[in-house]
Amino acid sequence: MSEEKVRVRIAPSPSGNLHIGTARTALFNYLFAKKTGGEYVLRIEDTDLDRSSEAYKQNIFDSLKALGLNWDEGPDVGGPYGPYKQSERFDIYPKYAQMLIDKGYAYECFCSNEDLDEEHRIAEEKKIPYKYSRKCLNLTKEQKDELKAKGIKPSIRFKVEAKELIFNDLVKGELKFDTGLIGDFAIMKSNGTPTYNFAVVVDDMLMKISHVIRGEDHISNTPKQILIYEALGAPIPKFGHLGMILAPDRSKLSKRHGATAVSDFIKEGYLTEALLNFVALLGWAPSDGVEIKNVDEIAADFRINEVSSSNSIFEYEKLNWMNGQYIKHMDISKLTDLAIPFLNMYDLNKYSRKQLEHIIEVTREPITLLKDLVYDTQYFFEEPKYNEVEEILKGDVAKVVLPKFKSEVETYDFNNEENIHDKLAELRTYFKENHGFKPKETMWAIRSALTGRTRGADMVATIQILGKDEVIKRLEKLI
RNA sequence: GGUCCCAUCGUCUAGAGGCCUAGGACGCGGCCCUCUCAAGGCUGCAACACGGGUUCGAAUCCCGUUGGGAUCACCA
C-alpha cells in the first residue's frame, strides 16, 4: 500500500512573484519525483481571489520554467486530475464539506466577524490561547433556518476532537500534537469558497498526492489536515517539512534584503543553473563533496530523509561565487545569448556574432553577474574615457611605448592571434632590455591607451577584437 | 504568551557512540603562477551554544537552560 506511485506537488498561490524559497520547495519536490520515478504536479492555489493576479501566475509559470522545473501535470498542460487551478474547482469543495456535515465531522457556523473578533479579544484579555467557542455547534434546525432566513450565510467548521496525533515527518521525524489545543476551524467560508486547509486536503486527495513536501511553516497546519483526511476517509500522504530560508539577519527573507523573487535574480544576471544549484545546497549536501552539480546529478544523489531539518541563511557570497563558476564554464554560445539582453545599451551590430562571442569569452572570467558585463565590455563598444588612466598616459613609459607600439601594430597580422601574442611578447622584451620597463608597465600603457582601464580582458584578444583600424585610431588620439 | 521546530567554523554543511587532533565549500589572510582583474594550485585562521546525565567512551543518546525560527484567521 505504501508502494503506490509517488506523486508530489508544488502549490504556489499567485499573490506574488515566485519566491526563491518556493523555488527551493519546488526543486526538492522535483528532485524527489525524479529520484523515485514519480510525478510532479503544479497546482495554483488562487482561492483568495482578491490577492491573486494573472500577472503573478504568469511570473510563477515563467520562473519555474526558466529554472527547468517543468511539471508533469498543471493548469497549462492539463492531466488526469484537473483542473489544476483552485478557482476552477470551487464546485468540488462544497460537496465534501456537506459530506463532512452529514457524517457529523463539521457544522455550520453563523458567527459574524464581529462575534469572532470579540472572542479573540476576550481570549487575549484573559491571556489564554484562543479556541472557537463552539457557539454554533448545537444549533437546532429551527435556529439555523431562522438565521438563514435573515440572510446570514454560514461558514462551515470542522469539529476537532481532542486526542494525541502523531505522524512521522520525512525530514523531522516523529511529530506529536495535542489536537485539544486546536479550536474548531473553518473549512468553508461564508462566501462559499473553501479555506486553505480544506482546499489543500481535498485537492491532494483527489490528485492522489502521495508525499507533501513543503516549508516548515506548514507544520502547524498538518494536524488539521490529517484530521480532515481521516474524516474524509482518505489515505494520508507522507509529509516532509523543510527548514526555512532566512536572511542574514535571521529574519524572513524579504524585499528589504534584496532580491527575493526568482525573476529578480534573473534580472540581476544570475544564471538559473547557479540559482538552482545554490538553493539545493541549502539543506542538502552531495555525498561525494562535489558541490557544483546539475539538477540530474543532484536528483540521482537526493534522499529526502537526509535533508537538513534546520533553517538556513541565504548568503550572497556563495551564490555569487557559484554564479561566477557557471559563467566561466557555460557553453559560450549559450552564454552569449543570455548576455545580449544585458548589453542592449550598446550597438551590438558593430560586431559579428562570432566576435560578440569572442568578447563575452574574454570578459567572462572575472565576473559574478551577467550585468557586470555592461561595464567590462564597454570599451569594445564605445570610445574609452581616459580619466582613470590619465597618470599612466602622461607618464614616461607611455610616452615611449605608445608611438613604437603604434608603428609596429601596423604590421601585425590581425587574423592571427598567435602573431599578436608573439609581437607583444617581443615588445615587452624590447622595452625591458632597452628601457628597463617592467613587462607590466609596458602592457599597462597599451591597455590604458586602448581601453582607458588598468584592468580588463586579455590584451591580445582585446587588440584583435578591436581591429587594426580602431586600435590605430585610439592610439592616434593620444600621441 | 500557548504550541511546535531547530541548534557543528562568520555562512552552507559532513558527521547516524570509538574512524574527530571534527572534514569539505564560500568568505577572509599568505605564497606560487601571471600583461591586469579573475581563475587555478598550495597554505593559514576559524565551530561541536551552555549545564547535567547515560556509557569504558558522546558532536553524535536523554533531560534541562539559553538562543533562534515557525505558528496561533471565514490569508495562503
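Lettering of chains follows the sequences in order, A, B, ..., and the numbering in each one begins at 1. These numbers come from the heavy atoms of this one structure, side chains and all, not from hydrogens, waters or symmetry mates.
- Annotation: G51(B) and A7(B) have their C1' atoms spaced 15 Å apart (nearest Å).
- Lys404(A) pairs by the salt bridge (Lys or Arg N to Asp or Glu O under 4.0 Å) definition with Glu408(A), not counting sequence neighbours.
- Residues of residues 116-127 of chain A that place a heavy atom closer than 4.0 Å to RNA chain B, in numerical order, are Leu116(A), His120(A).
- Within 6.0 Å of the OH atom in Tyr56(A), the count of heavy atoms belonging to other residues, nucleotides or ligands does not exceed 12.
- Counting non-hydrogen atoms under 4.0 angstrom, Asn221(A) reaches a base of the nucleic acid.
- Within the 4.5 Å cutoff, the side chain of Arg157(A) has no heavy atoms near those of the Cys136(A) side chain.
- Once you apply a 4.0 Å limit to the heavy atoms of chain A, the touched nucleotides of RNA chain B run 5' to 3' over U3(B) to A76(B).
- The salt bridge (Lys or Arg N to Asp or Glu O under 4.0 Å) search around Glu125(A) returns Arg121(A), not counting sequence neighbours.
- Taking Asp169(A) as the reference, Phe167(A), Val171(A), Lys172(A), Leu175(A), Phe239(A), His241(A) meet the side chain to side chain contact (heavy atoms under 4.5 Å, CB included) condition, with sequence neighbours excluded.
- Across all strands shown, C61(B) pairs with G53(B); the Watson-Crick or G-U wobble distances both stay below 3.5 Å.
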Identify every side-chain donor-acceptor pair in residues 419-439 of chain A under 3.5 Å, counting partners at least two apart or on other chains, and give the distances.
| residue | atom | partner | partner atom | Å |
| --- | --- | --- | --- | --- |
| Asn419(A) | OD1 | Asp413(A) | N | 2.9 |
| Thr429(A) | OG1 | Ala425(A) | O | 2.8 |
| Asn434(A) | ND2 | Tyr430(A) | O | 2.7 |

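- Other residues, nucleotides and ligands contribute at most 12 non-hydrogen atoms within 6.0 Å of the CH2 atom of Trp444(A).
- Comparing Val460(A) and His218(A) by the nucleotide of RNA chain B whose heavy atom lies nearest to each, the residue mapping closer to the 5' end is Val460(A).
- Residue Cys111(A) is in base contact, counting any heavy-atom pair closer than 4.0 Å across all strands shown.
- Across all strands, Glu45(A) comes closer than 4.0 Å only to sugar-phosphate atoms, never to a base (heavy-atom distances).
- Residue-level contact check: Arg453(A) touches neither bases nor backbone, having no heavy atom under 4.0 Å from any strand.
- Nucleotides U8(B) and G68(B) are separated by 15 Å at their P atoms, to the nearest Å.
- In this structure, Gly283(A) reaches the sugar-phosphate backbone alone: every heavy-atom distance under 4.0 Å involves primed, P, OP1 or OP2 atoms, never a base.
- In a base pair of the Watson-Crick type (N1 to N3 plus N6-O4 or O6-N4) or a G-U wobble (N1-O2 and O6-N3), with each distance short of 3.5 Å, A38(B) is matched with no nucleotide.
- Here Arg250(A) lies in heavy-atom contact (under 4.0 Å) with sugar-phosphate atoms only.
- Heavy atoms of Ser190(A) sit under 4.0 angstrom from at least one base atom.
- Across all strands shown, C9(B) remains unpaired; no Watson-Crick or G-U wobble contact has both distances below 3.5 Å.
- On the C1' atoms, C9(B) is 29 Å away from C4(B), given to the nearest whole Å.
- Among residues two or more places apart in sequence or in another chain, the ring-ring contact (aromatic ring centres under 6.0 Å, His included) test is passed with Phe28(A) by Phe302(A).
- Near RNA chain B, meaning a heavy atom under 4.0 Å from it, residues 90-100 of chain A has no residue at all.
- Pairing partner, A47(B): none, since no Watson-Crick or wobble contact has both distances short of 3.5 Å.
- A donor-acceptor pair under 3.5 Å is formed between the side chain of Thr179(A) and the backbone N or O of Lys163(A).
- When each of Ile367(A) and Asn191(A) is assigned the nucleotide of RNA chain B with its nearest heavy atom, Ile367(A) is the one assigned upstream, toward the 5' end.
- When the C1' atom is used for both A47(B) and G10(B), the distance is 10 Å, rounded to whole Å.
- In this structure, the salt bridge (Lys or Arg N to Asp or Glu O under 4.0 Å) partners of Arg134(A), at least two apart in sequence or on a different chain, are Asp184(A).
- At least one side-chain heavy atom of Asn277(A) sits under 4.5 Å from a side-chain heavy atom of Ile298(A).
- Residues Tyr326(A) and Tyr270(A) have side chains not in contact (no heavy-atom distance under 4.5 Å, counting atoms from C-beta outward).
- Remark: Lys189(A) pairs with no residue by the salt bridge (Lys or Arg N to Asp or Glu O under 4.0 Å) rule, at least two apart or across chains.
- Here Thr47(A) lies in heavy-atom contact (under 4.0 Å) with sugar-phosphate atoms only.
- A heavy atom closer than 4.0 Å to some atom of RNA chain B occurs in Thr195(A), Tyr196(A), these being the qualifying members of residues 194-204 of chain A.
- Heavy atoms of Lys438(A) sit nowhere under 4.0 angstrom from any nucleic acid atom.
- A heavy-atom distance below 4.5 Å is not found between the side chains of Leu27(A) and Trp284(A).
- Residue Glu365(A) is classed as a base contact, given a heavy-atom separation below 4.0 Å to a base.
- As judged by a 4.0 angstrom heavy-atom cut-off over every strand, Ser155(A) is placed among the base-contacting residues.
- A gap of 27 Å separates the P atoms of A22(B) and C6(B), to the nearest Å.
- Surrounding NZ of Lys148(A) are more than 12 heavy atoms belonging to other residues, nucleotides or ligands, all under 6.0 Å away.
- In this structure, CG in Leu466(A) is found 8.0 Å from CE in Met459(A), a value given to the nearest 0.5 Å.
- Look at A70(B): its Watson-Crick or wobble partner, with both distances under 3.5 angstrom, is U3(B).
- Using a 4.0 Å heavy-atom distance criterion, Glu108(A) is classed as making no nucleic acid contact.
- Comparing U13(B) with C32(B), their P atoms sit 36 Å apart, to the nearest whole Å.
- With sequence neighbours excluded, no residue forms a side chain to side chain donor-acceptor pair (under 3.5 Å) with Ser53(A).
- Between the C1' atoms of C61(B) and U55(B), the separation comes to 10 Å (whole Å).
- Nucleic acid contact for Asp458(A): base, since at least one base atom lies under 4.0 Å from a heavy atom of the residue.
- Partner assigned to A14(B) is none, using Watson-Crick or G-U wobble distances below 3.5 angstrom.
- The separation of C50(B) from U11(B), taken at their P atoms, amounts to 15 Å, rounded to a whole angstrom.
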